[in-house]
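For reference, the structure I am asking about is given below.
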Amino acid sequence: MTYTYIPQGVCSSKYTFDIEDGIVRNVKITGGCNGNLKGIASLLEGMKATDAIERMEGVRCGFKPTSCPDQIAQALKAALAQNA
């Protein structure tokens with residue numbers, strides 16, 4: 001199933017991804033730091049959503065209370081909750 005998430009408090013503006021049998025697929029990130037987010041999207045491909053959440057949740061960007069990786073973790077958590 002395809003999920004779309006609008007992050008808060010970060011430079012990126014939209015995340016779109018699929019979760020198939022608990023595995024993250026087809027990650028697309030709009031906006032933000034292009035190279036870094038392409039790298040994160042590539043690393044997420046094929047990863048268990050729960051593992052990705054565990055690794056990225058709570059990561060901060062400078063003095064901000066969140067970051068793009070943290071917001072991706074929030075997006076994955078919301079998708080898993082919606083699918084439960």
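Note that the coordinates shown come from a computational prediction; the quantities given were computed from them, not determined experimentally. Values below: all heavy atoms of this structure, side chains included; hydrogens, waters and symmetry mates excluded.
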> For Ser67 and Arg60, which heavy atoms make the closest approach, and how far apart are they?
Replying inline: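 So the two residues come closest at CB-C, 3.8 Å.
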> Just wondering, more than 12 heavy atoms not from Glu54 lying within 6.0 Å of its CD?
Replying inline: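 No, because the 6.0 Å sphere around CD of Glu54 holds 12 heavy atoms or fewer from other groups.
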>> On a heavy-atom basis, which atom in Ser12 and which in Ile29 lie closest, and how many Å separate them?
In response: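 Looking at all heavy atoms of both residues, the closest pair is CB-CG2, 4.0 Å.
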> For the atom pair CZ (Arg55) and CD1 (Ile40), what is the distance rounded to the nearest 0.5 Å?
Replying inline: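 Rounded to the nearest 0.5 Å, the CZ-CD1 separation comes to 13.0 Å.
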> So, does Glu20 use its side chain to make a donor-acceptor pair with the main chain of Arg25 at under 3.5 Å?
Replying inline: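 Absent.
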>> With heavy-atom distances below 4.5 Å as the criterion, would you say the side chains of Val10 and Thr66 are in contact?
In response: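 Side-chain contact under 4.5 Å: yes.
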> Rounded to the nearest 0.5 Å, how far does CD1 of Ile19 lie from CG of Asn26?
Replying inline: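 Rounded to the nearest 0.5 Å, the CG-CD1 separation comes to 11.5 Å.
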>> Side chains of Phe17 and Lys28, heavy atoms from C-beta outward: is any pair under 4.5 Å?
In response: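 No, too far: nothing below the 4.5 Å cut-off.
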> What are the two closest non-hydrogen atoms of Gly31 and Leu37, and how far apart are they?
Replying inline: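 For Gly31 versus Leu37, the nearest heavy atoms are O-CD1, 3.4 Å.
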>> Between Thr30 and Ser13 (side chain of the first, backbone of the second, donor and acceptor by atom type, cut-off under 3.5 Å), is there such a pair?
In response: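 Side chain of Thr30 to backbone of Ser13: no pair is present.
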>> When you compare the side chain of Ile53 with that of Gln74, does any pair of heavy atoms fall below 4.5 Å?
In response: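 The answer is no, as the side chains (C-beta and beyond) never meet within the 4.5 Å cut-off.
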> Does anything in residues 42-61 pair up under ring-ring contact (aromatic ring centres under 6.0 Å, His included), and if so which pairs, sequence neighbours excluded?
Replying inline: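 Applying ring-ring contact (aromatic ring centres under 6.0 Å, His included) to every pair that reaches into residues 42-61, excluding sequence neighbours, yields nothing.
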> Any side-chain heavy atom of Lys14 within less than 4.5 Å of one from Thr4?
Replying inline: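 Yes; the side chains approach each other to less than 4.5 Å.
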>> If we check side chain to side chain contact (heavy atoms under 4.5 Å, CB included) with Tyr15, which of these qualifies: Leu76, Ile72, Val27?
In response: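 Option passing the side chain to side chain contact (heavy atoms under 4.5 Å, CB included) with Tyr15: Ile72.
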> Closest heavy-atom contact between Asp70 and Gly58?
Replying inline: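 Distance-wise, the nearest heavy atoms are OD1-N, 2.7 Å.
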>> Grouping I, L, V, M, F, W and Y whenever their side-chain heavy atoms are under 4.5 Å apart, do Met1 and Met47 come out in a common cluster?
In response: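 Shared cluster, yes.
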> Would a 4.5 Å heavy-atom cut-off, applied to side chains only, mark Asp18 and Val24 as touching?
Replying inline: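 Heavy-atom side-chain distance check fails, nothing below 4.5 Å.
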>> Enumerate the salt bridge (Lys or Arg N to Asp or Glu O under 4.0 Å) contacts for residues 75-84, please, sequence neighbours excluded, ordered by first and then second residue.
In response: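 Output for this query lists Glu57-Lys77.
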>> Give me the atom names and distance for the closest heavy-atom approach of Gln71 to Pro7.
In response: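 Reported closest heavy-atom pair: OE1-CA, 3.4 Å.
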